[in-house]
There are 2 protein chains.
Amino acid sequence: MKTDNCTCNPLSIDARILEKTDPETCKKRLAELSKGLAHPARVEILRILAHNPPEKRCICGDIVGVLPLAQSSVSRHIKVLKETGWIHGEIDGPCVCYCIVDGIIEYYMELVKRSIQE
Amino acid sequence: MKTDNCTCNPLSIDARILEKTDPETCKKRLAELSKGLAHPARVEILRILAHNPPEKRCICGDIVGVLPLAQSSVSRHIKVLKETGWIHGEIDGPCVCYCIVDGIIEYYMELVKRSIQE
DNA sequence: ATCGTTTATCGTAGATACACGATAAAGATA
DNA sequence: TATCTTTATCGTGTATCTACGATAAACGAT
């Protein structure tokens, strides 16, 4: 079931806060986020969430239909993405509304640059 | 032992080749490279290699001195970075010359963009 | 209250990751 | 040849990852 009005708070992250983050924390954060990306299924989930229009963000179970994995496996991948900080979800009736954290990709890129190049 | 003249071929990767890569392969490649980044010690190794001046790229054992890990553990992390495609190494006398693959960070960022955003 | 839908968690099993010390392999040096 | 240095690999133990089916939990609808 897909609802049109998503109750998801637009949780966002600003890449500029990195300026106040010490290098050691940056490395740990980068490693953590990278673990989230370290599986093709999770990349695909992020892709789906990133492409979902903002006004229709509740696509909880639709992900299960797309991926060639059991529902429990998909749920686990979603959990990893939540724990590593890529997405967040809020309960919306019987299903859960997931969305990608706003600005997380830019934040991640900035982390890569700062942790490796600077 | 650090040698000044590095025998490392400047193995490089061009982010533009991604244009010819199909989405499924991109996802797998991104997941693979991300696995390489998914540990703080490996991020630090990449940082060290990225900062090492080109004319002094052979710093094999120096990495062991910097990281709070046993030599065998560092060697294993280096192996992961090699296998996932971040670095490459060539034997240079008794030590091994490691360098970061040229352009790999830009390639990685491009992969993130293409696999998630496009 | 009962049923159907949706998502999370549990239990299990096999694979992979991570750390360490010990050892091997390769080349330089005496 | 013997020895030192440097790096890779092996063996071990512990922890985490991954997948699945089964089950539980939460909510809406009947």
Side-chain angles (χ1 to χ4, degrees), chain A residues 1-8 27-28 31-45 48-49 56-84 86-99, chain B residues 1-8 27-28 31-45 48-49 56-84 86-99:
Chain A
M1 191 171 86
K2 186 183 281 190
T3 59
D4 284 356
N5 46 345
C6 171
T7 59
C8 241
K27 270 188 292 183
K28 280 185 194 162
E32 200 179 10
L33 280 168
S34 298
K35 198 176 284 187
L37 277 190
H39 194 288
R42 294 200 287 271
V43 174
E44 178 63 21
I45 293 172
I48 292 170
L49 290 177
K56 282 193 184 180
R57 266 180 177 158
C58 301
I59 49 156
C60 35
D62 298 348
I63 301 171
V64 177
V66 173
L67 294 179
L69 290 172
Q71 179 267 327
S72 58
S73 304
V74 174
S75 184
R76 186 164 278 271
H77 281 302
I78 287 176
K79 193 179 182 188
V80 172
L81 286 172
K82 255 195 298 186
E83 286 170 347
T84 52
W86 282 97
I87 67 175
H88 66 117
E90 286 178 21
I91 295 169
D92 179 31
C95 55
V96 180
C97 160
Y98 285 111
C99 22
Chain B
M1 191 172 85
K2 185 183 284 192
T3 57
D4 283 356
N5 44 344
C6 171
T7 58
C8 243
K27 271 188 290 183
K28 281 186 194 160
E32 198 179 13
L33 279 167
S34 299
K35 197 175 286 185
L37 278 189
H39 194 289
R42 294 199 288 270
V43 174
E44 177 63 22
I45 293 172
I48 293 171
L49 290 178
K56 280 192 183 180
R57 266 182 176 157
C58 300
I59 48 159
C60 33
D62 298 349
I63 301 172
V64 177
V66 174
L67 295 179
L69 289 173
Q71 179 267 327
S72 58
S73 303
V74 174
S75 184
R76 187 165 278 270
H77 282 303
I78 287 176
K79 194 181 182 186
V80 172
L81 285 172
K82 255 194 298 184
E83 286 170 346
T84 52
W86 281 98
I87 67 174
H88 66 116
E90 285 180 22
I91 296 170
D92 179 30
C95 55
V96 179
C97 158
Y98 284 112
C99 23

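Hydrogens, waters and symmetry mates play no part in the numbers below; they use all other heavy atoms, side chains included. Throughout, protein chains are lettered first and strands after them, A, B, ... in sequence-line order, and every chain is numbered starting at 1.
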B:His39, nearest nucleotide to its side chain (from D:dT5, D:dC17, C:dA19): C:dA19

Between D:dA8 (P) and B:Arg76 (CZ): distance, integer Å: 12 Å

Does A:Val64 or B:Arg42 map to a spot on DNA chain C nearer the 5' end, using the closest nucleotide for each? A:Val64

Length of the line joining A:Leu37:CG and D:dC17:P, which is rounded to integer Å: 15 Å

Quick one: B:Ile91 CD1 to D:dT9 C1', roughly how many Å, whole number? 14 Å

In whole Å, what is the span from the NE2 atom of B:His77 to the C1' atom of C:dC18? 7 Å

What residues in residues 68-75 of chain B put a non-hydrogen atom under 4.0 Å from any atom of DNA chain C? B:Leu69, B:Ala70, B:Ser72, B:Ser73

In whole angstroms, how far is the C1' atom of D:dA8 from the CD1 atom of B:Ile63? 14 Å

Please pick, from D:dC17, C:dA19, C:dA8, the nucleotide with the shortest atom-to-atom distance to any side-chain atom of A:Lys35. D:dC17

For A:Ala38 and B:Ile78, take the nucleotide of DNA chain D holding the closest heavy atom to each; which residue's nucleotide lies nearer the 5' end? B:Ile78

Measuring from B:Leu81:CG to B:Leu33:CG, what's the distance to the nearest 0.5 Å? 10.0 Å

Separation of A:Ile87 CD1 from A:His77 NE2 (nearest 0.5 Å): 12.0 Å

Rounded off to whole Å, could you give me the NZ-to-P distance for the B:Lys79 and C:dA17 pair? 11 Å

